[in-house]
Amino acid sequence: MSKSDEGILWRYKSVGLRALNVDQRFQMRADGLDEQRVKKYAFDMRRGDGFPAITVASIDGRLNVLDGFHRVEAALRAELPDINAKIAKLTEKAAVREAIKANARHGLNLNRKDKRNIFRLYLERGDHLRRDGEPKSLRQMAADLHHLVSHGTVRNWLKAEGITPTEDPDGPLPFPEQDRRFISPGLDEFNEALGYTEELFLQLESGDQTEAMYGLLGVADRLANGETRWMDAIARSNLPLDVAKKLEI
């Protein structure tokens, strides 16, 4: 067993796949499962590769998957009897918070649509409100969302919903945990581009993936030497990716 910073007691155990409840209330990805990723995971599982434990909430006696939807579906297709999981007894509201946190930890796999969906769930659950019913400060909301997007993005999304955050008591909001010198206005978009590229990479045949890896090194070199548009850098690197697709940003 292990205890989180929030005081949640997690226990690790193997769980029968048929005992798990896949509830879309806790699915953070707007478009659901990615078929290519599921197929790859299923193949890896059949040959005995290890995977991180999924995250499960026990809510009123039901075991609900919070993180690891692709792994669960892949394990079912690989006809495995069980899967490694970390489990804790949680309320539904706490379970949503844990699902958001788990996805924030690997946020490069989330596109802007997924992040917007997480924000929508955050509002629907009322997690943006204080106990007195007033909106939290922008600082508090950004922390709740584990800085999945920038403070500016949170502010814009709140504005679109007609919500004005409470003024932060400590004055103007600084950038969290990062030096201002290394922050650019397009940081969120760049992270989304990385996630998009990873999704395309996983759809390549194994033979093309090696070529793509060398191509990505070329992209990094071009960006480091002054290329400002990542799509242009990819195009000039002759990557076997579908550069005609556009990010939803």
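These figures come from a predicted structure and were not determined experimentally.
Tracing side-chain contacts under 4.5 Å through hydrophobic residues (I, L, V, M, F, W, Y), one reaches Val22 starting from Ile83; they form part of the same cluster.
The distance from atom CD of Glu161 to atom NE2 of His128, rounded to the nearest 0.5 Å, is 9.0 Å. Distance CG/Leu17 to CG/Leu76: 5.0 Å, rounded to 0.5 Å. Taken to the nearest 0.5 Å, the CG atom of Asp60 stands 9.5 Å off from the OG1 atom of Thr91. Remark: Tyr12 OH to Asn84 CG distance equals 11.0 Å, nearest 0.5 Å. In this structure, OG1 in Thr55 is found 10.0 Å from CG in Leu90, a value given to the nearest 0.5 Å. Atoms CD1 and CG, on Ile163 and Leu129 in that order, are 7.5 Å from each other to the nearest 0.5 Å.
In this structure, the side chains of Val56 and Val15 stay at 4.5 Å or more apart for every pair of heavy atoms. Looking at Ile59 and Arg62, their side chains never come closer than 4.5 Å, going by heavy atoms from C-beta outward. With a 4.5 Å cut-off on side-chain heavy atoms, Arg116 and Lys113 do not count as touching. In this structure, Arg46 and Glu79 have side chains that are not in contact, with every pair of non-hydrogen atoms separated by 4.5 Å or more. Counting heavy atoms from C-beta outward, Glu92 and Phe26 have side chains that approach closer than 4.5 Å. With contacts defined as side-chain heavy-atom distances shorter than 4.5 Å, the pair Met141/Trp157 does not qualify.
A donor-acceptor pair under 3.5 Å links the side-chain atoms of Thr166 to the main chain of Pro135, judged by distance alone. With Arg97 contributing its side chain and Asp144 its backbone, the two residues share no donor-acceptor pair below 3.5 Å. Not a single donor-acceptor pair under 3.5 Å links the side chain of Asn21 to the backbone N or O of Asp23.
Between Ala74 and Ala42 the shortest heavy-atom distance is CB-N, 3.5 Å. Nearest heavy atom pair, residue Ala57 against residue Leu66, reads CB-CD1, 3.7 Å. When all heavy atoms of Lys93 and Gly126 are compared, the pair lying nearest together is NZ-O, 4.2 Å. Residues Asp132 and Glu134 share a closest heavy-atom pair of OD1-N, 3.0 Å. Across every non-hydrogen atom of Pro52 and Arg71, the tightest pair is O-NH1, 3.0 Å. Of all heavy-atom pairs between Leu138 and Pro165, the closest is N-CB, 3.8 Å.
More than 12 heavy atoms of other residues, nucleotides or ligands lie within 6.0 Å of CZ in Arg47, so this atom counts as buried by the packing criterion.
Aromatic ring pairs are classed by plane angle as parallel below 30°, tilted from 30° to 60° and perpendicular above 60°; the pair His70 and Tyr41 is perpendicular.
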Self-check item: Phe119 and Leu158: CA distance, side-chain angles, deciding distance, side-chain contact (heavy atoms from CB on, under 4.5 Å) verdict
Solution: CA-CA 9 Å; Phe119 185 74; Leu158 288 171; 3.7 Å; yes
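Using a 4.0 Å cut-off between charged side-chain N and carboxylate O, Asp127 and Arg125 make no salt bridge.
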